[in-house]
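Notes follow the structure.
Worth knowing before you read on, the calculation uses all heavy atoms, side chains too, and leaves out hydrogens, waters and symmetry mates. Every value quoted in this text rests on a predicted model; they were computed, and no experiment measured them. Here is the naming used below: chain letters follow the sequence lines, and residue numbers restart at 1 for every chain.
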Number of protein chains: 2
Amino acid sequence: MARKTHTTPEAAQNAILDAAEKIVVEVGPAGLRLSAVARSAGMAHPNIIHHFGSREGLLAALADRVGARATERITNAITAALDAKEDDRVAAMTHIFDSAYQGDEGKVAVWMHLSGAESSLKENMARIVEASHRLRQSIDGEVKLSNTNRLVMLVTLALVGEVVSGGAIKEALGFGREEAKRAHFRQWLAELLLNLSDEELDTSLDLDTLNSL
Amino acid sequence: MARKTHTTPEAAQNAILDAAEKIVVEVGPAGLRLSAVARSAGMAHPNIIHHFGSREGLLAALADRVGARATERITNAITAALDAKEDDRVAAMTHIFDSAYQGDEGKVAVWMHLSGAESSLKENMARIVEASHRLRQSIDGEVKLSNTNRLVMLVTLALVGEVVSGGAIKEALGFGREEAKRAHFRQWLAELLLNLSDEELDTSLDLDTLNSL
DNA sequence: GCTGTAGTTTACAGAATTGTAAACAGTAAA
DNA sequence: TTTACTGTTTACAATTCTGTAAACTACAGC
């Protein structure tokens, strides 16, 4: 292999992470091979170990980067929705859902999580809930935080499901694999959730009591 | 290894599949090792290859069995809900959601699917939609099939998400990992969906037109 | 320029995994 | 009882993968 000029550690690590991310999208973290990453990044595989200590170290670093990026994209979309006019709310909400996918990072995030890398999931979700609650309050006035939690949960789980299903479930249900139809479901969900009042979200269950157990 | 008395092929295959299922719950299909399956099933690993042809063959057989069992449990729960009195509908609906989990088969099904085994997903989903539509019609009278599709999709994706997240997302959102609190979310979702009329499920989007593209 | 630090590569070790081949041993049927 | 079939095991081959060791080299600072 042609000897490469030295770069900064950051540049090398980013190149490795980029290559690893591409591979994880295709085969999942369990299928990630250092040799494949090295080939894609144009270097010899021991160099990866030099930079990340081990295969595990690489996966942990990837989980961190992917989680942070996805969280930032999502919270940005939520913040942007704060400024949307009433007519554009469905589009803004849809954009929030869409933002969970861009660049396959959502898929990688789920993959990583499924393989045990929780990294800073708790902090990331807290940021998303906070932003979502501000958005709900800007639309409906005073609303319950417990209902925001429920909605974020529902949407998060559904988005995770969509990422995982990779379109197969939608196809099986007649929604089609094409991105247009898949996006359609997200838009429908956005409109449905926007039409739900805070009162409708309160069921007979008392979540706050349960949480204080 | 102590030589074993001969059994029927079915018994041996079931023992292997049982062992494989346990392992996949823990480490996913990618982490399944023939030696581990063999140890758990109490036999030598070449015997697995004798029965299933290859590691891939074993995974395909497991995907089939798990998908069939999960579909049967879910459709049974839906059918049972048809007979529920009005007061018991939330409980019946919750039971439908719960039934996707029993015996870890839901988790295994998602794992398998994520690893590319689609087996007979389409047929299974068709059965679930059919049963769900009957249930909706018995409750609300004439309802649109397209809305049943949407609801089944939403619930399926959310359940897939819950299976995948393994409680971590819920914990991050303050719902807790304990089964009681996790079940609570499913009950909330059941009540929410039961309160939605068919009209509320129709948004400005015309799905039927889109599907005829 | 020289020197030290660190990014990079080659070569290799050690372990683990899937799959094969052949022998072995129950079981059922002739 | 003998024979044939097949479930089962042992031993092994071939590959693949992670991680180590040591050498090589680019670049920065003295």
Legend entry - Listed partners of Val110(A) passing side chain to side chain contact (heavy atoms under 4.5 Å, CB included), at least two apart: Val160(A), Val163(A), Val164(A), Val164(B)
Inset, instruction - State which of dC17(D), dT9(C), dT18(C) makes the closest approach to the side chain of Ala44(A). - result: dT9(C)
[X]/[Y] ion pair, N-O < 4.0 Å:
X         : Y         : answer
Arg134(B) : Glu130(B) : yes
Arg65(B)  : Glu105(B) : no
Lys170(B) : Glu162(B) : yes

Inset, instruction - Answer yes or no: does a side-chain N or O of Thr7(A) lie under 4.0 Å from OP1 or OP2 of dA26(D)? - result: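 Looking at the OP1 and OP2 atoms of dA26(D), neither is under 4.0 Å from any side-chain N or O of Thr7(A).
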Can you tell me how far [atom2] of [N] sits from [atom1] of [X], to the nearest Å?
X        : N       : atom1 : atom2 : answer
Leu32(B) : dA16(C) : CG    : P     : 17 Å
Leu34(B) : dT17(C) : CG    : C1'   : 8 Å
Arg39(A) : dT9(C)  : CZ    : C1'   : 17 Å
Arg33(A) : dT16(D) : CZ    : P     : 12 Å
His45(B) : dA21(C) : NE2   : P     : 14 Å
Asn47(A) : dG19(D) : CG    : P     : 15 Å
Ile48(B) : dT17(C) : CD1   : C1'   : 12 Å

Inset, instruction - Under 4.0 Å from any atom of DNA chain D, heavy atoms only: list the residues of residues 49-59 of chain A that qualify, in numerical order. - result: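 When residues 49-59 of chain A is checked for heavy atoms under 4.0 Å from DNA chain D, the hits, listed by number, are Ile49(A), Ser54(A), Arg55(A).
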Legend entry - Min side-chain heavy-atom separation Leu151(B)-Asn147(B) under 4.5 Å: no
Legend entry - Along DNA chain D (nearest heavy atom to each residue), the more 5'-positioned of Pro9(B) and Pro46(B):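 Going by which nucleotide is closer to the 5' end, it is Pro9(B).
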Legend entry - Any donor-acceptor N/O pair, Arg73(B) side chain to Ser99(B) backbone, under 3.5 Å: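 Confirmed, Arg73(B) side chain pairs with Ser99(B) backbone.
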